[in-house]
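We're numbering straight along the sequence, starting at 1.
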Amino acid sequence: MPQITSIEPQKRRQGRFNIYVEGKFSFAADENLLAKNMLTVGKSLTADDIEKLIKENEAGKLFDASLRFLSYRQRSEKEVKDFLVKKIARIENVKFVEASQSPVISQIVTRLIKQGFLNDEEFAEWWVKARTGSQPKGPYVIRMELLRKGVDKDIIEKAISKIKNQKELGRNVIEKKIKTWKKLTNLELKKKVYEHLARRGFDSKTINEVIAQIAKKV
């Protein structure tokens, strides 16, 4: 039975190793894969063992790629799944539909959730906070954005319910535009305010409250 004849650290990637079987390169592995499978020089491996280890190694690389993807900003579960589908489709040269059926996707997502790297509730709260910051968006737009990102409706509503003062938020949006509308008539101003806030996702109740507040000062 073929045996591992050498395990050599990769020069450019710390923590990864090249595995040689019968003097020839066979596959690469990280420290976790080595420890988990007790890979040492002299260990015998069947062809099935090697194939399994190669697949496990590929899964490990996809997991690392997911962590890098998450390092730029928080992501929803769907965003990570879509990212993995694209990676698998490119690596295996298959169509997205076929790549989306890979069992490794759910394995990686489950692992990310268990290790605390992925949480749709935290993501939704973070998204709401980000979208009500310097350039505020209203609940409707935020809701649609989160739905497109695959977040559960109940999670979305819970996150949106934490927006404390929508009227103040809408007023902040208008403050940045009001100076450019000074020459408008009262009716034209109201129309502009309504259209602008509606485009940014505010509901009619909030918009009318903002208009009423502005009307008192005009």
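- Inter-residue side-chain proximity for I7 and Y20 is flagged as unmet; no heavy-atom pair is nearer than 4.5 Å.
- A 4.5 Å side-chain heavy-atom check between Q3 and V21 finds every atom pair outside the cut-off.
- Ion pairing between K52 and D48 fails under the 4.0 Å rule for side-chain N and carboxylate O.
- Scored by the salt bridge (charged side-chain N to carboxylate O under 4.0 Å, His left out) test, K81 finds no partners at all (sequence neighbours excluded).
- Using a distance-only test at 3.5 Å, with no hydrogens or angles considered, a donor-acceptor pair links the side chain of E79 to the main chain of S76.
- One hydrophobic cluster, built from ILVMFWY side chains closer than 4.5 Å, holds both L147 and V151.
- A salt bridge links E51 with K55: at least one charged nitrogen is closer than 4.0 Å to a carboxylate oxygen.
- Under the 4.5 Å side-chain criterion, counting only non-hydrogen atoms from C-beta, I155 is not in contact with F123.
- What you find for T5 and V41 is that their closest heavy atoms are O-CG1, 3.8 Å.
- Going from atom CG of L39 over to atom CG of L33 covers 6.0 Å, rounded to the nearest 0.5 Å.
- The shortest heavy-atom contact between F17 and P9 is CD2-CA, 3.5 Å.
- Going from atom OG1 of T132 over to atom CD1 of I163 covers 5.5 Å, rounded to the nearest 0.5 Å.
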Evaluate V210 against V173 for side chain to side chain contact (heavy atoms under 4.5 Å, CB included), listing each step before the verdict. CA-CA 10 Å; V210 172; V173 173; over 6 Å; no
For the pair E195 and K190, evaluate salt bridge (Lys or Arg N to Asp or Glu O under 4.0 Å) and give the outcome as yes or no after the intermediate values. CA-CA 9 Å; E195 290 175 347; K190 289 179 179 180; over 6 Å; no
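- Annotation for K192: atom NZ does not count as buried by contact number, only 12 or fewer foreign heavy atoms lying within 6.0 Å.
- To the nearest 0.5 Å, the span separating CD1 on I174 from CG on L169 amounts to 11.0 Å.
- Taking the charged nitrogens against the carboxylate oxygens, K167 and E209 have no contact shorter than 4.0 Å, which rules out a salt bridge.
- The existence of a salt bridge linking R171 and E168 is excluded, since no basic side-chain nitrogen approaches an acidic carboxylate oxygen closer than 4.0 Å.
- Open room surrounds CG on N93; 12 or fewer heavy atoms of other groups in view lie less than 6.0 Å from it.
- By the 4.5 Å heavy-atom criterion applied to side chains, R143 and E157 are counted as neighbours.
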Show the numbers, then the answer: is there a side chain to side chain contact (heavy atoms under 4.5 Å, CB included) between F27 and I50? CA-CA 8 Å; F27 60 94; I50 293 173; 4.0 Å; yes
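- How far CZ of F202 is from NZ of K137: 10.0 Å, rounded to the nearest 0.5 Å.
- Inter-residue side-chain proximity for K153 and L146 is flagged as unmet; no heavy-atom pair is nearer than 4.5 Å.
- L197 and L184 fall within the same hydrophobic cluster, where Ile, Leu, Val, Met, Phe, Trp and Tyr residues are linked whenever their side-chain heavy atoms come under 4.5 Å apart, directly or through other members.
- By the neighbour-count criterion of 12 heavy atoms within 6.0 Å, atom CD of Q10 is densely surrounded, having more than that number from other residues, nucleotides or ligands.
- Residues I113 and V104 share a hydrophobic cluster, clusters being chains of Ile/Leu/Val/Met/Phe/Trp/Tyr side chains in contact below 4.5 Å.
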Please assess R199 against V141 for the test side chain to side chain contact (heavy atoms under 4.5 Å, CB included), listing each intermediate value before the final yes or no. CA-CA 8 Å; R199 282 196 300 271; V141 166; over 6 Å; no
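- Rounding to the nearest 0.5 angstrom, the gap separating the CZ atom in R75 from the CZ atom in R73 is 4.0 Å.
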Check against salt bridge (Lys or Arg N to Asp or Glu O under 4.0 Å), R68 and D64: CA-CA 6 Å; R68 288 193 295 273; D64 290 343; 5.5 Å; no
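- With a 4.5 Å cut-off on side-chain heavy atoms, I156 and I160 count as touching.
- Minimum heavy-atom separation, N18 to A28: OD1-CB, 4.0 Å.
- The side chain to side chain donor-acceptor pair (under 3.5 Å) contacts involving residues 21-45 comprise K36-E56, where partners must be two or more places apart or lie in separate chains.
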Please walk me through it: do E188 and K191 pass salt bridge (Lys or Arg N to Asp or Glu O under 4.0 Å)? CA-CA 5 Å; E188 289 172 334; K191 184 180 178 183; over 6 Å; no
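- Closest of all the heavy-atom pairs between I178 and E175 is CG2-O, 3.7 Å.
- Closest non-hydrogen pair, I108 versus A59, comes out as CD1-O, 3.9 Å.
- For residues 57-115, every residue pair satisfying the ring-ring contact (aromatic ring centres under 6.0 Å, His included) rule, not counting sequence neighbours, is listed here: F69-F83.
- Side-chain N or O atoms of S102 include none that pairs as donor or acceptor with a backbone N or O of A99 at under 3.5 Å.
- With contacts defined as side-chain heavy-atom distances shorter than 4.5 Å, the pair R16/N57 qualifies.
- No more than 12 heavy atoms of other residues, nucleotides or ligands sit less than 6.0 Å from atom CD of Q14.
- One distance of note links CH2 of W127 with CD1 of I142; it measures 9.5 Å at 0.5 Å rounding.
- One hydrophobic cluster holds both L67 and V109 under the rule that ILVMFWY side chains link at heavy-atom gaps under 4.5 Å.
- Across all their heavy atoms, G150 and D120 have their closest contact at O-OD2, 4.3 Å.
- The shortest side-chain heavy-atom distance between Q166 and P139 falls under the 4.5 Å cut-off.
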Quick one: do F117 and V80 satisfy side chain to side chain contact (heavy atoms under 4.5 Å, CB included)? Show the steps, please. CA-CA 11 Å; F117 293 112; V80 173; over 6 Å; no
